[in-house]
Every structure is written in structure tokens, then in C-alpha cells.
Amino acid sequence: MTPFAKKVYRVVLSIPLGQTRTYKWVAQKAGRKGAYRAVGTILKNNPFPVIIPCHRVIKSSNILGGYVFGKESKSEILDLERRIKECLTSKK
DNA sequence: CAAACTATTCAGC
DNA sequence: GCTGAATAGTTTG
């Protein structure tokens with residue numbers, strides 16, 4: 001586990017539901033502005049992919065990157081999280 | 001420590 | 001829009 005990885009995880013975990021963030025964004029938040037590739041490398045080598053919502057991390061603001069379950073699944077997951085967010089925001 | 005790899009991004013055509 | 005090059009960190013030897 002590297003210090004930079006920790007930062008990356010923290011940032012990724014800080015991403016709200018239904019929201020997507022880019023590798024560049026995460027890298028910048030982690031302290032390494034231009035380390036977008038390092039972020040991807042870490043996420044793919046991350047020890048606990050389950051606790052890391054890597055599906056919220058994408059290439060660009062509209063283009064999904066790679067994912068263990070498949071990039072196509074990301075879109076579905078994001079849509080699902082979107083509903084969860086509505087459920088949480090909904091006073092009910 | 002150095003080399004190779006990568007789930008990326010930018011520039012050029 | 002696609003191809004090629006560059007950057008930055010992780011992992012392996």
C-alpha cells in the first residue's frame with residue numbers, strides 16, 4: 001500500500017452517489033495533478049476493489065474507462081446509484 | 001535501483 | 001475521430 005494510493009482511495013470514496021469523477025480530477029485531489037495514469041494503475045491493483053467505487057472514476061467527464069466488471073456495467077451502476085441518491089434525498 | 005506496464009490525456013492529422 | 005507520444009506512479013526483478 002503506497003501513500004498516494006491511500007489518497008486516491010480517500011478521494012474516490014469521497015465521490016458522492018450518482019456522481020462521476022475523472023482520473024485527472026482524482027489525481028489532482030490526491031495531490032498528483034498529472035498522475036492520472038498512476039490512479040488507474042492503483043485502482044486496478046487496489047487490494048480491496050469492493051470498497052473502492054472505481055466505477056465512479058472514468059476517463060473523461062462522459063467517457064467511461066475500464067472496470068473489473070466491464071465498462072458497460074459502469075453506466076448501469078451509475079444509473080443505479082443515481083436512484084439511490086434520489087432515494088436518500090427524497091424526504092419520504 | 002532500473003525497467004516495464006498501465007483502467008489516461010494531449011497534440012497532430 | 002483516430003493514432004502517436006508523453007507523463008507519473010506501481011509493481012517486479
Side-chain angles (χ1 to χ4, degrees):
Chain A
M1 183 67 101
T2 55
F4 183 60
K6 287 186 188 175
K7 277 176 162 183
V8 173
Y9 299 145
R10 202 181 174 81
V11 174
V12 175
L13 289 163
S14 299
I15 302 172
L17 285 173
Q19 286 285 69
T20 50
R21 229 96 275 185
T22 63
Y23 281 101
K24 202 167 64 169
W25 185 91
V26 176
Q28 188 171 67
K29 277 279 184 183
R32 257 57 206 163
K33 195 172 156 229
Y36 22 77
R37 313 182 70 162
V39 177
T41 311
I42 292 164
L43 289 176
K44 91 173 200 24
N45 281 299
N46 80 65
F48 312 110
V50 258
I51 65 163
I52 312 279
C54 19
H55 54 263
R56 290 186 209 152
V57 186
I58 58 182
K59 291 173 60 156
S60 286
S61 301
N62 236 61
I63 307 165
L64 300 170
Y67 193 42
V68 191
F69 299 119
K71 342 177 180 185
E72 300 186 42
S73 303
K74 286 175 114 172
S75 308
E76 300 183 55
I77 294 166
L78 291 169
D79 187 64
L80 199 140
E81 291 203 330
R82 208 175 180 182
R83 298 181 197 180
I84 297 171
K85 191 188 70 178
E86 288 189 63
C87 215
L88 294 171
T89 48
S90 225
K91 193 96 74 58
K92 206 233 119 204

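So that the names make sense, note that chain A is the first sequence line, chain B the second, and so on, each numbered from 1. Computation of the quantities below employed the complete heavy-atom set of this structure, encompassing side-chain atoms and omitting hydrogens, waters and symmetry-equivalent molecules. Nothing here was measured: the structure is a model prediction, and the numbers come from that model.
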So, do [X] and [Y] sit near enough that their side-chain heavy atoms are less than 4.5 Å apart?
X      : Y      : answer
P47(A) : Y9(A)  : yes
L13(A) : P53(A) : yes
V68(A) : K44(A) : no
R21(A) : K29(A) : no
L43(A) : Y23(A) : yes
V12(A) : C54(A) : no

remark   = Base-paired stretches in DNA chain B with three or more consecutive Watson-Crick or G-U pairs, both distances under 3.5 Å, amount to B:1-6 with C:8-13, B:8-13 with C:1-6

Taking atom [atom2] of [N] as reference, at what distance in whole Å does atom [atom1] of [X] sit?
X      : N       : atom1 : atom2 : value
K59(A) : dC10(B) : NZ    : P     : 11 Å
R21(A) : dT9(B)  : CZ    : C1'   : 18 Å
N62(A) : dG1(C)  : CG    : P     : 13 Å
Y67(A) : dT6(B)  : OH    : C1'   : 18 Å
F4(A)  : dT6(B)  : CZ    : C1'   : 13 Å

request  = Would you check if the side chain of K74(A) reaches a backbone N or O of G66(A) as a donor-acceptor pair within less than 3.5 Å?
outcome  = yes

query = In the single-linkage hydrophobic clustering (I, L, V, M, F, W, Y; side-chain heavy atoms under 4.5 Å), do V26(A) and I58(A) co-cluster?
reply = no

query = Where along residues 23-47 of chain A does a heavy atom fall under 4.0 Å from DNA chain B?
reply = Y23(A), K24(A), Y36(A), R37(A), T41(A), L43(A), K44(A)

task = With heavy atoms under 4.0 Å as the rule, sort V57(A) into base, sugar-phosphate or nothing.
result = nothing

